[in-house]
Amino acid sequence: MDKIIIVHFVAYSYKYLRKGMSLIMDFQEKKEYLKEISRIRKSNVICYISGDRNNVSTRIAPDIIPIFHEHLERIGNSDKIDLVLFSKGGDVLTALRLVQLLYEYTNNFSVLIPFKSYSAGTLVALGASEIVMTKMAELSPIDPNVTSVFNPQDPNNPSAKIPISVEDVYSFITVAKEIIPVRSEECLTRVFSHLIDSVHPLAIGTIHRTYSLIRSVAKKLLLLHMDENEEEKINKIIDNLTQQLFSHSYMITRREAKEDIKLPVTFSSGELESIIWNLYKSYESELLLEKTFIPEENADMNGRFAVCCGIIDSLSRTDGYTFEGVIQRHHDPGVANNINILHQGWKKLWEERK
């Protein structure tokens, strides 16, 4: 039976329509890159771009799980699955759930990292038995920032809360006990009182629970491909990624990931390196990841706009995370325009059916 190609599309900008430009992504170019990776790696390939474009950034979140399930169902059980991943981070538990889902379809799961795979993206990588990194690839620490209703209020934005770094709180206690040092119980009590004057006690409780959670999740992910008798090695990996790099913004290169942290890293090279990098650059260019999204510059004469800012892609299907909205313009230049988001979420952009 001949293949029937079902195409769904999202305009990245209604301005393109006025210029007569194509509204559809160059799917074929991406598919050729995926085919080449599949050929070289002898694997089935899924690509997940969690875009970091200003004003429309996306993150690893629970809504990706049903989308991945649909892609994996089309692929079926596989000897090997490769996930090409670009992400600034997101939800800790979603990272665990995604890896567990991938292992439902294969016993051989690898992550291919062209550039950034931070925080929850690094957690996903911890679940892989192989982490293929380009020269530009970067992992990050996995110590999370915690935001809850009990966090301090941001003085520059009264409607927002200041995120609290888990390691900042633990470092504060460490400074009091070891650097100053404070010896008596009475002095330690006063130090802790100063802390809770600034940070709600329940926020501190949330921080401790999150710290315990991140270590637990990291261990579960590593045990998906490591042996329980490697507990010392596992704990050293987790200590490195939660405590010993001292900044959540620290960029871990492939050499450090392999030689210092002892992760199962493979250096990509030659043809594979070029294809992985070109695939990422193709998405970067298509999604305009380096350019801040300004609705007023991307709306039609009626104020309507649409933008795609995240991709889950495989050979037979493409899904995009889209924002669609409308601008209510004010004639007074001193008054900000009202921007109403009419849709936000994943949409099927392209599908191939037999």
Side-chain angles (χ1 to χ4, degrees), residues 5-34 47-64 67 84-91 114-118 121 156-157 159-160 277-314 317-351:
I5 307 299
I6 310 295
V7 178
H8 307 258
F9 63 85
V10 175
Y12 292 144
S13 167
Y14 283 97
K15 181 172 68 174
Y16 290 174
L17 183 60
R18 299 200 304 273
K19 292 182 176 181
M21 296 174 66
S22 171
L23 300 179
I24 304 175
M25 280 180 64
D26 184 357
F27 295 115
Q28 190 57 40
E29 180 189 31
K30 314 296 185 299
K31 304 304 180 187
E32 289 304 317
Y33 287 133
L34 295 180
C47 184
Y48 175 33
I49 305 294
S50 175
D52 63 347
R53 188 178 182 187
N54 287 341
N55 291 336
V56 286
S57 63
T58 58
R59 59 194 295 274
I60 294 173
D63 57 359
I64 69 171
I67 309 300
V84 180
L85 178 63
F86 173 87
S87 176
K88 292 289 290 292
D91 180 62
F115 190 12
K116 302 172 186 176
S117 184
Y118 297 163
N156 299 317
N157 183 3
S159 64
W277 184 249
N278 288 338
L279 174 63
Y280 163 71
K281 292 299 288 184
S282 180
Y283 283 115
E284 178 191 71
S285 175
E286 200 89 52
L287 300 176
L288 303 175
L289 296 181
E290 298 296 311
K291 183 179 180 181
T292 297
F293 179 75
I294 301 173
E296 288 83 354
E297 294 180 358
N298 294 273
D300 66 7
M301 65 183 67
N302 297 315
R304 298 184 68 86
F305 64 88
V307 59
C308 180
C309 50
I311 290 288
I312 298 174
D313 203 2
S314 58
R317 176 170 169 156
T318 303
D319 289 87
Y321 193 91
T322 68
F323 288 88
E324 299 173 33
V326 62
I327 301 170
Q328 295 178 325
R329 303 181 188 274
H330 289 283
H331 298 295
D332 184 347
V335 179
N337 294 325
N338 292 328
I339 299 175
N340 298 317
I341 301 298
L342 305 178
H343 167 82
Q344 177 181 339
W346 289 98
K347 275 191 171 183
K348 187 187 299 180
L349 305 184
W350 180 91
E351 184 177 42

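This one's a predicted model, so the numbers in the text were calculated from it and none came from an experiment.
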Side-chain contact, heavy-atom cut-off 4.5 Å: [X] with [Y]?
X	Y	value
E296	I327	yes
I64	W346	yes
I311	C47	no
L342	R304	yes
I67	K348	no
F305	I341	yes
L287	C308	yes
V84	L279	yes

If I take atom [atom1] from residue [X] and atom [atom2] from residue [Y], how far apart are they, to the nearest 0.5 angstrom?
X	Y	atom1	atom2	answer
L85	K116	CG	NZ	13.0 Å
Y283	E29	OH	CD	9.5 Å
D63	T58	CG	OG1	9.0 Å
K291	N298	NZ	CG	6.5 Å

Hey, what's the ring geometry for F115 with F86, parallel, tilted or perpendicular (30° and 60° as the breaks)? tilted
Take K88 and R59 through the side-chain contact (heavy atoms from CB on, under 4.5 Å) test and state the conclusion after the steps. CA-CA 7 Å; K88 292 289 290 292; R59 59 194 295 274; over 6 Å; no
Below 4.0 angstrom, N of the basic side chain to O of the carboxylate: do K347 and D319 qualify? no
Tell me whether E286 is salt-bridged to K281, with the criterion being a basic N under 4.0 Å from an acidic carboxylate O. no
Apply side chain to side chain donor-acceptor pair (under 3.5 Å) to K31 and list each qualifying residue two or more places apart in sequence or on a separate chain. D313, T318
Which residues satisfy the side chain to side chain donor-acceptor pair (under 3.5 Å) test with Y48, sequence neighbours excluded? none
Output all residues satisfying side chain to side chain contact (heavy atoms under 4.5 Å, CB included) with V56, sequence neighbours left out; order by chain, then residue number. R53, F293, V307, C309, F323
Just do the side-chain contact (heavy atoms from CB on, under 4.5 Å) check on H343 and T322 with the steps written out, would you? CA-CA 7 Å; H343 167 82; T322 68; 3.2 Å; yes
What pair of heavy atoms forms the shortest contact from [X] to [Y], and how long is it?
X	Y	result
P295	I339	CG-CD1, 3.7 Å
N55	T292	ND2-CG2, 3.3 Å
R329	A299	NH2-CB, 3.8 Å

Worked check of side-chain contact (heavy atoms from CB on, under 4.5 Å) between S50 and Y321: CA-CA 9 Å; S50 175; Y321 193 91; over 6 Å; no
CA sep, side-chain torsions, deciding dist, call: N340, Q328, side-chain contact (heavy atoms from CB on, under 4.5 Å): CA-CA 8 Å; N340 298 317; Q328 295 178 325; 3.6 Å; yes
